[in-house]
Each structure stands twice: as structure tokens, then as C-alpha cells.
Amino acid sequence: DVKVTQSSRYLVKRTGEKVFLECVQDMDHENMFWYRQDPGLGLRLIYFSYDVKMKEKGDIPEGYSVSREKKERFSLILESASTNQTSMYLCASSLQGNEKLFFGSGTQLSVL
Amino acid sequence: GQQLNQSPQSMFIQEGEDVSMNCTSSSIFNTWLWYKQDPGEGPVLLIALYKAGELTSNGRLTAQFGITRKDSFLNISASIPSDVGIYFCAGAAWGGGNKLTFGTGTQLKVEL
């Protein structure tokens, strides 16, 4: 079975801090994605990557950046965390395209 | 970015009841998918639909790809306690950068 592992289940940070969310997948998938989940808004795509060192903006990239130095690892970076970035962050990967996504368990980030 | 509207937003049903939920869009999609998110976990793919009018089942779940390509429906028959969770629809459109658009989610709670 595909396993997508997110490094932290819960994270509490202060406004202005630089935050790293890490995601690792073990099935050699080409594609990796970062979503945020907010009540009533569903899942919104932040960034995605189709290859190592490649990244593309999703629907809400402002305030975020990403890094994909190795195929199995996709990091989400909040350069200067703000309270409106308090959310559940979900990482996903897929073998081809972006339909059959495999998700991690999520990181609940609170920015105080 | 566009979002899909799901209804109802939440529902509280008795064990054994049938459940219906739907997802609507202002634009056409070529693929519709349904995901389920268990509490504390990431979403998992339930059903994928690729053709207008298609009806597909997965156990007690049945989903349909609307004829207009702007909607999809999910039915759950004889609900059980483990059906609890959030159900998300998602659509993909050709020429849309191959990105998935997720719905706002339907939260299902089952009363014993």
C-alpha cells in the first residue's frame, strides 16, 4: 500500500515564524501535492510538483513556497506564518495525473 | 480558483437509512471522483467516474456522473456507524492544467 507520511500531526507556531511541513511518500510517485482544508471550504490546492525540482502554483499559493529536492519528499514552507494560515494541511501523491490521490493523515497547524 | 458546491453540508441520520448527497459545478468536468475522510485521517478515493451518465458502485456506495457533466451524485445504502466522516466530490477538466477541484464536503453522522 502507498504510504504518505507527514512529519507532524499537530504543530503550534507563533506569528512571523518560518514553518516547514514535511511530506514523504514511499511508492515512487511522480506527482505530489499540498492542500489546505478549512471547514466549509473543502480542500484547496496550494502547490504541486510533477517532478524533482519542479513546482507549480495551485489556487492559493500566496504566503507559501515549496521544495522538492528528492522525488519522495515534498516540503511546504510558510516564510512568515500568519494567523490566517491556521489550518489542516494535507499532502498527497499520485502515480499519474492528479485523480487518484493518496493522502497523508494531515498536519493541524495553529499559528498564534 | 473554482470550488464545487456540495449539499447537504452535513447530515445526521439513523443507522440503516439510505443517504444521498450531490455536487454541482458551474462548469463542465470530464472526470468526477468521490473521496471519504475518516476522522483524523486524510481522504481516501471511493469511486471514479469518467463518462457522462455513468453509474458506478462500490459495495453499498453508488455514484453517478451527471448527464450535463456539471454534477455528480453519491448514494449510500443501509448506512452503518463506520460511514461517519466527510465526503468530498472532486472534478477534473481537460485543459484545466490537470488540476483537481474539490467540493466543500458533506459531513455524515450516523446515530445508532
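Chain A is the first sequence line, chain B the second, and so forth, proteins listed ahead of strands; every chain is numbered from 1.
- Checking A/S67, A/S75, A/S7 one by one against A/E22, the side chain to side chain donor-acceptor pair (under 3.5 Å) holds for a single residue, A/S75.
- Contacts classified as disulfide (SG to SG under 2.5 Å) and involving residues 10-93 of chain B (residues at least two apart or in different chains) are given here: B/C23-B/C89.
- Residues of residues 103-112 of chain A lying under 4.5 angstrom from chain B, judged on non-hydrogen atoms, are A/F103, A/G104, A/S105 in numerical order.
- In terms of heavy-atom pairs under 4.5 Å with chain A, the best-connected choice from B/P43, B/G40, B/G105 is B/P43.
- Only the side chain of B/Q9 comes within less than 4.5 Å of a heavy atom of chain A; its backbone N, CA, C and O stay farther away.
- Contacts of A/K53 classified as side-chain hydrogen bond (donor to acceptor under 3.5 Å, both in side chains), with partners at least two apart in sequence or in another chain: A/E69.
- Interface residue A/L90: only side-chain heavy atoms are found under 4.5 Å from chain B.
- Within a 6.0 Å radius of NZ in A/K57, other residues, nucleotides and ligands contribute 12 heavy atoms or fewer.
- Under the 3.5 Å distance criterion, with hydrogens and angles disregarded, a donor-acceptor pair is assigned to the side chains of A/N31 and A/S94.
- Note on residues 22-36 of chain B: pairs passing salt bridge (charged side-chain N to carboxylate O under 4.0 Å, His left out), not counting sequence neighbours, are B/K36-B/D38.
- Other residues, nucleotides and ligands place no more than 12 heavy atoms under 6.0 Å from the CZ atom of A/R73.
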Problem - Verdict with reasoning, A/E79 to A/S65, per side chain to side chain contact (heavy atoms under 4.5 Å, CB included) - result: CA-CA 7 Å; A/E79 294 290 341; A/S65 63; 3.2 Å; yes
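- For B/Q6, no part lies under 4.5 angstrom from a heavy atom of chain A.
- Looking at A/Q37, the atoms closer than 4.5 Å to chain B (heavy atoms on both sides) all sit in the side chain, from C-beta outward.
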